[in-house]
Amino acid sequence: PIVEAGRAVAAWAREAAERWPEGMVLGISHEAPLAAAYLVGRGGSFRHFRATHIPHLSAVRLEPGPPELVDPARALQAR
């Protein structure tokens with residue numbers, strides 16, 4: 001189920017990136033789906049899923065890849 005959740009979030013990010021190619025896709029949600037998408041997008045092992053934490057008030061830049069942990073305000077200012 002975790003791999004499928006990660007794939008679903010990653011697919012959503014690709015769809016959003018295709019729809020708005022000039023933008024950036026930030027995932028801000030509950031930690032588990034974003035951690036799964038982060039690992040799927042980076043080709044990471046799910047052995048480390050429980051050790052993957054997204055800091056409070058942080059985000060995962062899903063597209064353009066590879067996924068990266070970012071500060072949402074800084075990521076948007078950089079655009």
Side-chain angles (χ1 to χ4, degrees):
I2 298 297
V3 172
E4 291 306 315
R7 287 182 182 149
V9 173
W12 163 81
R14 282 190 301 276
E15 180 182 319
E18 290 170 2
R19 190 167 179 185
W20 295 284
E22 70 286 348
M24 174 190 311
V25 179
L26 292 177
I28 302 172
S29 179
H30 299 287
E31 183 178 34
L34 288 176
Y38 176 81
L39 290 171
V40 165
R42 296 184 71 83
S45 169
F46 277 84
R47 292 181 311 159
H48 305 291
F49 176 74
R50 293 190 189 275
T52 303
H53 296 287
I54 299 166
H56 184 65
L57 299 178
S58 194
V60 177
R61 189 203 66 229
L62 298 164
E63 294 287 338
E68 180 180 14
L69 298 174
V70 298
D71 175 293
R74 287 187 182 160
L76 293 174
Q77 287 175 352
R79 302 280 299 145

S.K.: Keeping the roles fixed (side chain from Arg14, backbone from Ala17), state whether a donor-acceptor pair exists under 3.5 Å.
M.R.: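 Not confirmed, Arg14 side chain does not pair with Ala17 backbone.
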S.K.: Can you name the nearest heavy-atom pair linking Ala37 to Pro67, along with the distance?
M.R.: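 Here Ala37 and Pro67 meet closest at O-CG, 4.0 Å.
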S.K.: In Å and rounded to the nearest 0.5 Å, what is the CG to CG distance from Leu34 to Leu69?
M.R.: 9.5 Å
S.K.: Quick one: NE2 on His53 to OH on Tyr38, what's the gap to the nearest 0.5 Å?
M.R.: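 Atom-to-atom, His53:NE2 and Tyr38:OH are 12.5 Å apart.
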S.K.: Can you tell me how far CD of Gln77 sits from CZ of Arg74, rounded to the nearest 0.5 angstrom?
M.R.: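 So the CZ of Arg74 and the CD of Gln77 are separated by 8.5 Å.
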S.K.: Output yes when a side-chain donor or acceptor of Ser58 lies under 3.5 Å from a complementary backbone atom of Asp71, and no otherwise.
M.R.: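 Checked: no pair found.
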S.K.: Taking the side chain from Glu31 and the backbone from Ile54, do they hold a donor-acceptor pair closer than 3.5 Å?
M.R.: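 Side chain of Glu31 to backbone of Ile54, a donor-acceptor pair under 3.5 Å: yes, one is there.
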S.K.: In terms of hydrophobic clusters joined by side-chain contacts under 4.5 Å, are Trp20 and Met24 together?
M.R.: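 No: no chain of side-chain contacts under 4.5 Å links Trp20 to Met24.
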S.K.: When rounded to the nearest 0.5 angstrom, what distance separates NE2 in His48 from CZ in Arg50?
M.R.: 14.0 Å
S.K.: Would a 4.5 Å heavy-atom cut-off, applied to side chains only, mark Val60 and Val9 as touching?
M.R.: no
S.K.: Mind listing the closest non-hydrogen atom pair of Phe49 and Ala32 along with its distance?
M.R.: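 It is CE1-O, 3.7 Å.
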S.K.: For residues Leu26 and Ala75, report the shortest heavy-atom separation together with the two atoms involved.
M.R.: CD2-CB, 4.4 Å
